[in-house]
Amino acid sequence: MLKPATTDIEALKILDDRLRWLSSWTIHHANHVRESDDGLKVGGHQASCASMTAIMAALYFHALGPNDRVAVKPHAGPVLHAIHYLLGSQSRDALENFRGFGGAQSYPSRTKDRIPVDFSTGSVGLGVAITLFASLIQDYLSAHGWLDEQDRGRFVALIGDAELDEGNIYEAIIEGAKHDVRNLWWIIDYNRQSLDATSADRMFERFDEIFRSCGWRVVELRYGKRLQAALDKNKALKAWFEKLSNAELSSLHYQGGAAWRARIEVELGKQAVAFLSGHDDASLANLFTDLGGHCMESLVEAFDAAKDDVPTLFIAWTIKGFGLPFAGHKDNHAGLMNPTQLASLRDSMAVREGEEWEPLEGIGDNARTGVEALLDRTRISREKRPRDFGSVAVPAISAPTGDEQSTQAAFGRILLDLSKGGSDLASRIVTTSPDVTVSTNLGAWVNQRGLFRRSDMPDIFAQAKIASAQKWSGGNKGQHIELGIAESNLFLMLAAAGLSGDLFGTRLFPIGTLYDPFIARGLDSLNYACYQDARFLLVATPSGITLGPEGGAHQSINPPLIALGQPGLRHYEPAFADELAAMMEEAFRLIDDPSGESTYLRLSTRSIAQVERTDDRWREDAMAGGYWRREPEENAEAAIVAMGAIMPEALAAWEELKDDLPGLGLLSVTSPDLLHRGWTAAQAARWKGQRNPSHVEQLLSRLSSSAGIVTLADAAPASLSWLGGVLGQRVAPLGVDRFGQTGNLADLYAAYRLDGAAITEAVAELLLPQ
Ligand SMILES: Cc1ncc(C[n+]2csc(CCOP(=O)(O)OP(=O)(O)O)c2C)c(N)n1
Ligand SMILES: [Mg+2]
């Protein structure tokens with residue numbers, strides 16, 4: 001009778017071959033078989049796929065449970081598609097259309113692929129780190145009673161070794177160590193090659209040390225069973241093998257058995273005679289490719305042995321392009337087999353011509369039953385998780401009272417009120433900040449709701465009765481996750497928390513705060529969060545030169561332009577507290593709306609006189625991107641358009657100029673982003689015959705077609721200058737286009753031309769004959 005374990009190992013080996021074949025074929029088909037209309041190279045990474053088919057076979061068909069979530073090395077996407085193809089959850093159509101419009105995506109995509117993709121990947125390093133934050137969110141949900149024990153899982157990242165150069169990985173593991181992160185498996189496809197060439201040897205065994213010092217278990221899978229046995233028998237051979245540099249090793253793998261023999265003969269002489277005489281060239285090459293990451297027994301053993309929750313780094317040695325003709329060649333990253341090479345791989349895999357897509361093609365009858373049984377038993381989800389986590393009521397949010405307020409202070413007050421209100425929404429808010437909790441006004445919220453820690457953290461200062469405005473104790477019911485100063489981590493945390501519904505079936509409302517200029521520090525992580533449709537509220541404050549004495553290093557200039565070009569993120573910039581309240585309400589609604597998005601609020605520390613409203617009419621327009629703060633007369637010849645914290649200057653200039661310029665309007669822009677989007681969407685709709693003018697067109701059509709507009713923003717002038725393109729009106733854009741400096745507001749606004757004098761000059765230039 002066969003032992004079941006042996007059967008599984010054999011079946012896994014067969015599946016490893018199937019994955020190597022199907023991933024190679026999918027890429028080949030897209031490049032060499034499918035018709036090309038435009039002659040563009042399609043591309044794909046056969047070598048990067050072949051490198052980790054054994055690892056992925058062992059993982060998906062053996063180790064993963066139904067709740068485990070995986071971030072797949074981006075250029076191994078075709079292997080993931082092949083896995084789902086074998087499981088019946090990926091269609092042949094999608095594979096035939098790999099990298100085509102609507103086909104299987106080049107890099108796994110949560111939103112665009114039809115198979116369940118837990119985390120999108122593409123920008124290397126980020127997919128790795130998001131798993132760590134997702135694991136923290138899992139602990140957060142468990143601690144708050146939102147996730148049952150049986151629904152918890154492990155978070156796995158499949159990593160290219162060159163990804164380890166991305167600094168965001170180390171920022172993440174440092175943060176993870178502080179939070180005692182667990183249930184992580186990071187598996188390195190250690191093929192010692194990157195995109196350009198073989199990787200530097202000098203980091204050898206350094207990665208282990210770095211991870212160990214952050215509390216990780218490191219498991220190195222250097223040799224497969226056969227190679228281990230051979231090297232154990234011959235110490236000289238082992239020592240020699242282990243001294244080979246990455247480049248030497250790869251070049252030998254590429255050259256094959258004869259090259260191994262020649263090198264060993266020269267360098268080991270008598271010490272290796274017996275060893276060499278026991279192998280012909282083919283068996284030598286085969287033996288030396290038996291590295292840990294290609295040895296099914298070693299992989300299964302290692303995964304089986306790591307079932308506790310200690311975060312574990314597996315370093316699985318592999319050969320880039322394993323089993324393919326360019327295995328080990330330093331230039332193989334984007335290498336594609338030619339049709340002859342592909343045909344020979346096909347023959348070696350016993351795949352009949354014409355049957356290339358047949359899932360279990362080439363598997364003999366005896367083995368087939370075992371393979372099918374293993375596929376049946378595979379525990380990963382075959383379907384995308386339904387979006388059925390219900391919706392959360394968003395209560396009306398009212399503006400804090402006070403004649404003079406800054407938007408930053410109002411933000412803190414609104415959160416405090418929410419906290420005291422005790423709504424379902426408030427219990428689902430999780431705040432996070434990279435060491436700027438207090439200075440972005442989250443303090444009062446944290447005093448109410450506490451820091452999140454898996455184990456209790458006393459506030460030592462409070463215990464010692466030292467006076468402080470800030471309570472700083474933590475426990476497992478806390479709702480604020482404090483991060484170190486690493487903005488990339490903030491965005492990855494927002495990404496993970498913002499996917500809590502999709503990943504865990506419970507919607508959280510994540511709010512992250514940071515200083516506006518430091519958005520740029522984590523920009524790719526922010527883009528990454530938006531790319532996979534994570535939902536959150538980003539509050540960036542302080543902002544602009546309105547920050548005054550803090551100076552140029554902290555005064556942001558271009559984030560509104562970043563937001564203008566960032567899909568999935570809505571920029572709002574309020575001037576007054578009531579606008580902010582409406583925006584926060586909208587932002588929460590958008591988090592929960594299946595077709596919503598994330599929101600970026602750009603706030604300020606400048607306290608300004610609030611408006612008295614006589615009605616609510618401004619609100620709808622403000623939420624759409626702008627409203628007339630001072631209505632223009634029909635066909636007015638001039639308007640001031642202003643955004644955010646410099647509204648007092650705009651209002652004062654309006655007062656000053658209104659008598660000389662009858663009918664002068666003052667447009668308050670609350671979101672250049674929304675106005676611009678509406679404008680381009682309306683244009684696109686017009687091409688399809690729909691004639692509804694966009695909000696910005698409606699607003700500006702109140703002015704004469706030759707009107708002059710002065711735009712004013714404490715930001716890059718291009719944030720608003722484009723308004724002139726909407727109806728062809730003339731624009732004088734005021735804003736900040738040089739680095740800021742220290743100073744009081746009057747001095748700074750004068751120096752950077754944001755004051756009344758600048759507005760008057762700009763209006764004059766537009767309207768008076770020169
Ligand atoms: C942030 C980022 N920079 C650059 C790239 C381009 N790129 C894609 S793969 C790669 C090298 C990958 O090497 P490795 O991680 O070792 O993967 P392998 O293909 O060897 O498995 C690079 C530089 C990218 N995808 N993301
Ligand atoms: Mg590599």
Side-chain angles (χ1 to χ4, degrees), residues 52 55-56 58-60 62-73 76 108 117-121 124-143 147 149 151-161 163-164 166-190 207-221 293 299 302-316 379-380 452-455 481 483-484 486 488-489 492-493 495-497 499-500 503-504 525 528:
M52 62 181 340
I55 295 172
M56 288 177 74
L59 190 68
Y60 280 84
H62 174 75
L64 287 183
N67 302 324
D68 298 341
R69 314 279 194 278
V70 190
V72 177
K73 180 182 84 169
V117 171
D118 300 319
F119 303 101
S120 302
T121 52
V124 299
L126 299 180
V128 180
I130 194 175
T131 59
L132 183 147
F133 293 98
S135 177
L136 269 172
I137 291 299
Q138 172 170 268
D139 282 341
Y140 181 93
L141 290 170
S142 293
L147 192 66
E149 191 56 34
D151 295 328
R152 288 172 58 85
R154 176 175 287 125
F155 295 82
V156 182
L158 297 170
I159 312 173
D161 56 310
E163 279 192 80
L164 289 173
E166 288 289 3
N168 81 272
I169 290 181
Y170 305 96
E171 293 183 354
I173 61 173
I174 290 169
E175 194 60 58
K178 294 184 203 165
H179 290 271
D180 196 14
V181 74
R182 49 192 179 149
N183 295 307
L184 283 170
W185 279 5
W186 284 5
I187 305 169
I188 299 171
D189 173 0
Y190 194 56
F207 294 122
D208 323 24
E209 294 164 16
I210 296 171
F211 276 79
R212 282 204 182 93
S213 68
C214 284
W216 287 60
R217 168 171 56 209
V218 179
V219 177
E220 187 173 2
L221 300 173
L299 285 163
F303 292 155
D304 285 349
K307 288 281 161 64
D308 57 14
D309 65 5
V310 178
T312 303
L313 180 76
F314 298 92
I315 303 179
R379 295 179 300 156
I380 64 160
F452 172 67
R453 291 276 158 169
R454 274 206 289 126
S455 41
I481 305 181
L483 300 172
S488 171
N489 281 343
L492 291 171
M493 175 63 90
L499 290 175
S500 66
L503 291 172
F504 305 105
S525 304
Y528 179 65

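Quick note: residue numbers are just sequence positions, from 1.
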List the atom of L132, the atom of A172, and the distance in Å for their closest heavy-atom pair. CD1-O, 3.5 Å

Once you round to the nearest 0.5 Å, how far does CD1 of I130 lie from OG of S525? 9.5 Å

Test of understanding: with ring pair (Phe, Tyr, Trp, His ring centres under 6.0 Å), list the residues that count as partners of Y140, not counting sequence neighbours. H144, F452

Could you tell me which residues satisfy salt bridge (charged side-chain N to carboxylate O under 4.0 Å, His left out) with D208, sequence neighbours excluded, listed by chain and number?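 With neighbours one apart ignored, the set is empty.
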
Any chance you could measure K73, atom NZ, to I159, atom CD1, to the nearest 0.5 Å? 11.0 Å

Check: L503 main-chain N/O paired with R69 side-chain donor or acceptor under 3.5 Å: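 Between the backbone of L503 and the side chain of R69 there is a qualifying donor-acceptor contact (under 3.5 Å).
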
Looking at residues at least two apart in the chain, or sitting in another chain, which of them share a ring pair (Phe, Tyr, Trp, His ring centres under 6.0 Å) with F314?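 Scan of F314 (ring pair (Phe, Tyr, Trp, His ring centres under 6.0 Å), adjacent residues dropped) gives W185, F303.
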
Which heavy atom of L492 sits nearest to which heavy atom of A129, and what is that distance?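 Nearest pair, atom of L492 first, then A129: CD1-CB, 3.6 Å.
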
Residues in side-chain hydrogen bond (donor to acceptor under 3.5 Å, both in side chains) contact with Y60, at least two apart in sequence or another chain: none

Provide the closest heavy-atom pair for V181 versus L136 in the form atom of the first, atom of the second, distance. CG2-CG, 4.2 Å

Nearest heavy-atom neighbours spanning N183 and Q138: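 Heavy-atom minimum between the residues: ND2-NE2, 4.0 Å.
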
Which pairs with one or both residues in residues 166-181 pass salt bridge (Lys or Arg N to Asp or Glu O under 4.0 Å), sequence neighbours excluded? E175-K178, D180-R454

I need the minimum non-hydrogen distance between L164 and Y170, along with the two atoms involved. O-OH, 2.6 Å

As an exercise, state the distance from CG of N489 to CD1 of I481, rounded to the nearest 0.5 Å.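 Output value for this atom pair is 12.0 Å.
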
Once side-chain contact (heavy atoms from CB on, under 4.5 Å) is applied, do any residues pair with A71, and if so which ones, sequence neighbours excluded? F119, T121, T131

Checking A497 now: which residues fulfil side-chain contact (heavy atoms from CB on, under 4.5 Å) with it, not counting sequence neighbours? I137, V430, P510

Smallest separation among heavy atoms of R154 and K307, with atom names: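 That closest heavy-atom pairing would be NH2-O, 3.2 Å.
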
Out of curiosity, I169 CD1 to W186 CH2, how far, rounded to the nearest 0.5 Å? 6.0 Å

S500: what forms a side-chain hydrogen bond (donor to acceptor under 3.5 Å, both in side chains) with it, not counting sequence neighbours? none

Mind checking the CG-CG spacing from L299 to L59? Nearest 0.5 Å is all I need.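 Between atom CG of L299 and atom CG of L59 there are 9.5 Å.
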
Short side-chain to backbone donor-acceptor contact, R212 and I210, under 3.5 Å: no

Does R182 have any salt bridge (charged side-chain N to carboxylate O under 4.0 Å, His left out) partners at least two apart in sequence or in another chain, and if so, which?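 In terms of salt bridge (charged side-chain N to carboxylate O under 4.0 Å, His left out), with neighbours along the sequence ignored, R182 is linked to D139, D309.
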
Can you tell me if D189 uses its side chain to pair, donor with acceptor, with the backbone of G160 under 3.5 Å? no

Which residues pass the side-chain contact (heavy atoms from CB on, under 4.5 Å) test with R217, sequence neighbours left out? V219, A306, D308, V310, T312

What residues, two or more places apart in sequence or in another chain, satisfy salt bridge (charged side-chain N to carboxylate O under 4.0 Å, His left out) together with D161?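 Per chain and number, D161 pairs via salt bridge (charged side-chain N to carboxylate O under 4.0 Å, His left out) with no residue.
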
Name all residues meeting the side-chain hydrogen bond (donor to acceptor under 3.5 Å, both in side chains) criterion together with S120; count only those two or more places apart in sequence or in a different chain, and write none if there are none. none

Judged by atom type as modelled, is there a donor-acceptor pair below 3.5 Å linking the side chain of N168 to the main-chain atoms of G125? yes

